[in-house]
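Only one structure is covered here, and it is reproduced in the block below.
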Amino acid sequence: MTDGKERIPYGELARKAIEAAGMSYSPYSKFRVGAALLSEDGRIFTGCNIENASYGATVCAERTAFFKAVSEGVRRFSAIAITGGTDGVGLAAPCGVCRQVMAEFCGPEFKILLVTGKERWETHTLGGLLPLAFGAAMMEKK
């Protein structure tokens, strides 16, 4: 299934997010999260959450996917699928830090799929999940 306008492969993104959750390193919370990030050129970058005994060093799945993409020179994105839970599949909305990372690289119409099953997801926009996002434009001198 695609969105009809941008040809976002929702089903493929959902499947890849579920697969990524299987790679999660989450010995403390037991909450496995996976993300699949679609670049504008059609590449998909996956990520999982990586926990640490020092909780502040933990990295979310969404940021893992973004950092992998950015480290390979990719800066433009169309959508991300996210899933999580003790079995790796379920509703897992991005945290505030991840939403802010998304805002650094994506506009308010960026698609966020919250995957709740192999063929089930909710579709949101970044603007809907992070209204009035802080960004570079706010740092410009006026």
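Values below: every heavy atom of this structure, side chains too, minus hydrogens, waters and symmetry copies. Keep in mind the model is a prediction, meaning the values are calculated, not measured.
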Next item on the list: List the steps, then state whether salt bridge (charged side-chain N to carboxylate O under 4.0 Å, His left out) holds for R99 with E104.
Entry: CA-CA 9 Å; R99 293 175 198 205; E104 184 70 20; over 6 Å; no

Margin query: Apply side-chain hydrogen bond (donor to acceptor under 3.5 Å, both in side chains) to residues T116 and E122 and explain how you reach the verdict.
Written below: CA-CA 8 Å; T116 58; E122 298 176 6; over 6 Å; no

Next item on the list: Start with the C-alpha distance between F45 and F66, add both sets of side-chain angles, then the distance that settles side chain to side chain contact (heavy atoms under 4.5 Å, CB included), and finish with yes or no.
Entry: CA-CA 8 Å; F45 296 86; F66 267 93; over 6 Å; no

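In terms of modelled atom types and a separation under 3.5 Å, the side chain of K68 and the main chain of T46 share a donor-acceptor contact. At distances below 3.5 Å, at least one donor-acceptor pair connects side-chain atoms of R32 with backbone N or O atoms of D87. Within the 3.5 Å criterion, the main-chain N or O of V115 finds a donor-acceptor partner in the side chain of T83. With R63 contributing its side chain and V59 its backbone, the two residues share no donor-acceptor pair below 3.5 Å.
Listed here is the closest heavy atom pair of A36 and L13: CB-O, 3.5 Å. Here the shortest heavy-atom pairing between C48 and T64 reads O-OG1, 3.2 Å. In this structure, L114 and A93 approach most closely via the heavy-atom pair CD2-CA, 3.9 Å. Here the closest non-hydrogen pair linking L37 and A69 is CD2-CB, 4.2 Å. Here the closest heavy-atom approach between residue F134 and residue M139 is recorded as CZ-CG, 3.7 Å. Summarising the geometry of G128 relative to P131, their closest heavy-atom pair is O-CD, 4.1 Å, with the distance given to 0.1 Å.
Residues E51 and S29 meet the side-chain proximity criterion, which asks for heavy atoms closer than 4.5 Å. Between E12 and I44, the closest side-chain pair of non-hydrogen atoms falls below 4.5 Å. Looking at I82 and E62, their side chains come closer than 4.5 Å, going by heavy atoms from C-beta outward. Looking at heavy atoms from C-beta onward, Y25 lies out of side-chain contact with N49 at the 4.5 angstrom threshold. Between R76 and S39, every side-chain heavy-atom pair lies at or beyond the 4.5 Å cut-off. The side-chain heavy atoms of T58 and C60, taken from C-beta on, include no pair separated by under 4.5 Å. For the pair L38 and F77, the minimum side-chain heavy-atom distance is 4.5 Å or more.
The NZ atom of K111 sits 8.0 Å away from the OG1 atom of T123 when rounded to the nearest 0.5 Å. In this structure, K16 NZ and I80 CD1 are separated by 14.0 Å, a value rounded to the nearest 0.5 Å. Residue K118 holds its NZ atom at 7.0 Å from CD1 of I18, rounded to the nearest 0.5 Å. For the atom pair K30 NZ and S24 OG, the distance stands at 10.5 Å (nearest 0.5 Å).
A distance of 6.0 Å or more separates the ring centres of F105 and F110.
Using a 4.5 Å cut-off between side-chain heavy atoms of Ile, Leu, Val, Met, Phe, Trp and Tyr, with links allowed through other members, V33 and L129 fall into the same hydrophobic cluster. V89 and L91 fall into different hydrophobic clusters, where Ile, Leu, Val, Met, Phe, Trp and Tyr residues are linked whenever their side-chain heavy atoms come under 4.5 Å apart, directly or through other members. Following chains of ILVMFWY side-chain contacts shorter than 4.5 Å, one cannot reach M102 starting from I8, and the two form parts of different hydrophobic clusters. Transitive grouping of hydrophobic side chains (ILVMFWY, heavy atoms separated by less than 4.5 Å) keeps V97 and I112 in distinct clusters. By the criterion of side-chain heavy atoms lying less than 4.5 angstrom apart, applied directly or through intervening Ile, Leu, Val, Met, Phe, Trp or Tyr residues, I50 is not grouped with V101; the two fall into different hydrophobic clusters.
Side chains of S54 and N52: a donor-acceptor N/O pair is absent below 3.5 angstrom, by distance only.
With respect to R75 and E40, no salt bridge is recorded, no charged nitrogen being found less than 4.0 Å from a carboxylate O.
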